[in-house]
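A short write-up of the structure that comes next.
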Amino acid sequence: MDLKKKWNAWKWQVFYVFSLGYLGRVCAQLHYTIVEESEPGTIVGNVARDLGLNAEQIFDRRLRLGSEESRRYFILNLETGDLLLNEKIDRESLCGLSSSCLLPVELIIEKPLELFRLFIEVLDINDNSPHFINNERLIKIAELAAPGLRFPLENAIDLDVGTNAVSSYEMSPSQYFSLNVKKLKDGKLFPELVLENALDREEIAEHHLILSALDGGHPERSGTTKITVHVLDNNDNPPTFDQPVYKISVIENIMPGTLLIKLNATDLDGGPNGDIEYSLEDHSLNSAGKLFKLDPHSGEIHVQGHIDFEESSFYELYVRARDKGVPVMEGHCVIQVEIEDSNDNPPEVYVTSLENSIPENTPIGTVVGLFNIIDRDSGKNGEVQVEISPGIPFKFKSFENHYSLITDGVLDREIKPQYTIYLVATDLGLPPMNTKRTIVLNISDVNDNPPIFSHHYFNAYIYENNVPGILLCTLFATDADEGENSQLRFSVSETYIAGSPISSYIYVSESNGKVYAQRSFNYEHIQLLEVKVFVEDQGSPKLKSNATLYIFILDQNDNYPKILYPVLTREAIEHQRIPRPASAGYLITKITAVDADSGYNAWLSYSILDSSDPSMFKIAAHTGEIRMMRRLLESDESLYTILVLVKDNGNPALSSTATIYVSFEEVIHDETPKSQDYQTAHNEPSDITLYLIISLAAVSTVAIITFIVLTIRCIRTNNDQSSSTCFGGSEVNDLQCPHQPTLHLNSDGTLKYMEVKTLTRPTNQCYSTCISPALERTDFTFLRPLDFPQLKDILNDEESFSINSDFSDVIQVRSIDHCV
């Protein structure tokens, strides 16, 4: 019974032999035959060879049986590729009386995913003999019955099919009766007893006949039933139906109790001999008798069970009408009931195989799922159309009732990591029925996105004399991938600067991109570090990107002013000889000093710290010129001492002092100092005189022009594009010009000048220092020229990035055509 139930679940999937469509290619159908009742272990066929697989490919491509039903009846020998019988098959239990018995078997190759459907035809053997439901049959015939009268006999049942089924009937010889075999619409043979000669009850009251049913098998099998004919007297008119065959069409699922037909049989006899009772023949009670009910008195046939087209599309009812005469006479008719299909079965969706996750680089046309969609209805009611969600990179490809879900577009996990596919299978019936199925496909990541720095350039600023280990800035990078493909590792290009590896200057944390100073920087030795940094993911293969990190070393006031004139030596300090008639305003001498720092730290101011006569001399705060405030009186002394303080503008300020001896004499000889007179034991540059002249001119001019020009520039640069700065731990807070640095270079890539804006010293003014080309060769510059051609690219790149710190100082570099 279990086998029969499973067959009922399968038999509607097997309508005819067909070629199977799979994975976008059509595979030839594999068809094998096996005789029922074969012993387990019987070889059905070598499926591996028929599929073109050798022994090695069976394991490599993972050939296996698909459905559980396939594995019940068959096993697959993975060494030889043979399909073997797993248990005996009884064709009659599996397929019943169906003329064809096909077992569908699913074969799956997993690498790459392929599905093959083969059919095993179970061949019938003649293992069942024909038999009759009743071993004996009593037929009552009036003696007045006319020759030629026919009496239906019970047909034999044989569970075998084809040639092994009932193929003929035989009856024991009799001079009164003959056997007529009629072939019905469904191919069955229906025996009839034909009265050949009139009966004489007085001569023979009972006739005993043997009816034999023979099948066509080898060896031939047979079954018999005993027929007893009882000859009755009188009542010589049997009931007669309007027509011998009634054809009726009825739609499936008709309501129980519905009237199917009302039969009408007539009997020419009167009285009890004309009273008719209706009944179904014995062989109609097995199947049709459960679905239809015949009223014995009215002849009405009603529906009493559930009629399902999918179970059977045709029924035949054999009706008998008997009178109440003595002997009883009867008439017969056949009712042929055609069942019409209605759309009462929705499509059924079976998932044969489905990938849980597919990589995002899956090629277009790759099969990711296999489906079997069937509809148990017939005709248009059984035709199915499949639709899936629109706008997704997947589509269905079908062959018969098999479907493969394949990729139809480029997948990108970074755009959409998961697809929910809504599958709707709809038949073409009226009204249509549909089945919905939700399929979830996850897109797995591949390393197809390199890490990306947040900016092409990173700018970091740090004051010199910093503490080693201080954080300079943090490199920011992102990777659109996930997992190991997005785990980032930062590194730095191992280059050399000033003969030392870059790793001796800075350290970059691999895990978080933080950049730390490895040493204390000295602005007077190096002003800028250009470092190429890299970020690399941990995918396979690894992808990387690079950016440039510019570390600007900012100046601190760590150098004392250096007095160039008057030259201080270990010997006696030279006196400034002044003629006594010198008037007020007479230039005594000029103090010349430089500071190795830059910016405000290099701005120098001059003042008289102490003097023999404070009313006699004054000094220009910015030029260092010492002049007489009044004429020399007769009572005044001839020798004076002036202590001059030279102080820079740093915070805290650093200073140096110089002592000037002034002697007033009546006659002054021309002792103009030569350039070699200023040389010291420290071997000052030979062209110091030229530098002193340029310095005096520059300092005098800057005091007047710088405040005017740079104040205007500060106002105009309020609208300039800003960029953040990254400082590494300075504590300078007195510069508050809210503009950000802009670097402008000479044509050879060197930095022209650096301009420092402030709202504090003096208010609303920004200062700049610059170097004339003549001073670029000296050691006493306010700002050293920087030879960094790459800075041009930074200044022109709007995406250059700098990191803010806790400093209020902002340095801005402006382009100046020339410096005075």
Whether over 12 other heavy atoms sit under 6.0 Å from [X] [atom1]:
{"X": "Glu338", "atom1": "CD", "answer": "yes"}
{"X": "Glu79", "atom1": "CD", "answer": "no"}
{"X": "Lys380", "atom1": "NZ", "answer": "no"}
{"X": "Gln243", "atom1": "CD", "answer": "yes"}

* To do: Could you please spell out the steps behind the side-chain contact (heavy atoms from CB on, under 4.5 Å) verdict for Ile248 and Gln336?
  => CA-CA 6 Å; Ile248 302 172; Gln336 296 178 346; over 6 Å; no
Any side-chain heavy-atom pair of [X] and [Y] under 4.5 Å:
{"X": "His306", "Y": "Glu311", "value": "no"}
{"X": "Ile301", "Y": "Lys293", "value": "no"}
{"X": "Val386", "Y": "Val349", "value": "no"}
{"X": "Asn180", "Y": "Arg150", "value": "yes"}
{"X": "Val334", "Y": "Tyr246", "value": "no"}
{"X": "Ile339", "Y": "Tyr315", "value": "yes"}
{"X": "Ile89", "Y": "Leu103", "value": "yes"}
{"X": "Glu196", "Y": "Val194", "value": "yes"}

* Can you list the steps and then say if Glu330 with Lys140 is a salt bridge (Lys or Arg N to Asp or Glu O under 4.0 Å)? -> CA-CA 9 Å; Glu330 59 186 38; Lys140 297 179 179 181; over 6 Å; no
State whether the side chain of [X] and the backbone N or O of [Y] hold a donor-acceptor pair below 3.5 Å, judged by distance alone.
{"X": "Lys324", "Y": "Gly274", "value": "no"}
{"X": "Asn134", "Y": "Glu136", "value": "no"}
{"X": "Glu252", "Y": "Ser342", "value": "yes"}
{"X": "Glu203", "Y": "Asp200", "value": "no"}
{"X": "Asp323", "Y": "Asp275", "value": "no"}
{"X": "Ser212", "Y": "Thr224", "value": "no"}
{"X": "Tyr278", "Y": "Ala265", "value": "yes"}
{"X": "Asp215", "Y": "Arg221", "value": "yes"}
{"X": "Glu340", "Y": "Ile251", "value": "no"}

Below 4.0 angstrom, N of the basic side chain to O of the carboxylate: do [X] and [Y] qualify?
{"X": "Glu110", "Y": "Arg61", "answer": "no"}
{"X": "Glu36", "Y": "Lys88", "answer": "no"}
{"X": "Arg322", "Y": "Glu277", "answer": "no"}

Minimum heavy-atom separation for [X] to [Y], with atom names?
{"X": "Ala213", "Y": "Ala156", "answer": "CB-CB, 3.4 Å"}
{"X": "Pro191", "Y": "Glu154", "answer": "CG-O, 3.7 Å"}
{"X": "Ile58", "Y": "Ala48", "answer": "CD1-CB, 3.6 Å"}
{"X": "Gly382", "Y": "Asp375", "answer": "O-CB, 3.6 Å"}
{"X": "Glu39", "Y": "Thr42", "answer": "O-OG1, 2.5 Å"}
{"X": "Arg72", "Y": "Glu87", "answer": "NE-OE2, 3.5 Å"}

* Decide side-chain contact (heavy atoms from CB on, under 4.5 Å) for Leu199 and Ile141; before the verdict, give the C-alpha distance in whole Å, the side-chain angles of both, and the deciding distance to 0.1 Å. => CA-CA 8 Å; Leu199 300 176; Ile141 303 177; 3.7 Å; yes
* Asked: Are the aromatic ring centres of His402 and Phe371 under 6.0 angstrom apart?
  ->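 Centroid separation for His402 and Phe371: 6.0 Å or greater.
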* Asked: What about Phe292 and His302, are their ring centers closer than 6.0 Å?
  -> no
How far does [atom1] of [X] sit from [atom2] of [Y], to the nearest 0.5 angstrom?
{"X": "Ile75", "Y": "Leu85", "atom1": "CD1", "atom2": "CG", "result": "8.5 Å"}
{"X": "His208", "Y": "Ile210", "atom1": "NE2", "atom2": "CD1", "result": "9.5 Å"}
{"X": "Tyr176", "Y": "Asn197", "atom1": "OH", "atom2": "CG", "result": "7.0 Å"}
{"X": "Arg137", "Y": "Leu193", "atom1": "CZ", "atom2": "CG", "result": "9.0 Å"}
{"X": "Asn381", "Y": "Asn345", "atom1": "CG", "atom2": "CG", "result": "9.5 Å"}
{"X": "Glu121", "Y": "Ile34", "atom1": "CD", "atom2": "CD1", "result": "11.5 Å"}

Would you check if there is a donor-acceptor pair between the side chains of [Y] and [X] at a distance under 3.5 Å?
{"X": "Tyr403", "Y": "Asn372", "value": "no"}
{"X": "Asn46", "Y": "Asp82", "value": "yes"}
{"X": "Asn343", "Y": "Asp427", "value": "yes"}

* Only one of Asn155, Ile157, Leu211 clears side chain to side chain contact (heavy atoms under 4.5 Å, CB included) with Phe132; which? -> Leu211
* Worked check of side-chain contact (heavy atoms from CB on, under 4.5 Å) between His332 and Val319 -> CA-CA 6 Å; His332 304 271; Val319 181; over 6 Å; no
* Could you walk me through whether Val181 and Leu179 pass side-chain contact (heavy atoms from CB on, under 4.5 Å), step by step? => CA-CA 7 Å; Val181 180; Leu179 180 65; 4.3 Å; yes
* Trace of the ring-ring contact (aromatic ring centres under 6.0 Å, His included) decision for Phe177 with Phe151 -> CA-CA 10 Å; Phe177 300 95; Phe151 299 90; 7.7 Å; no
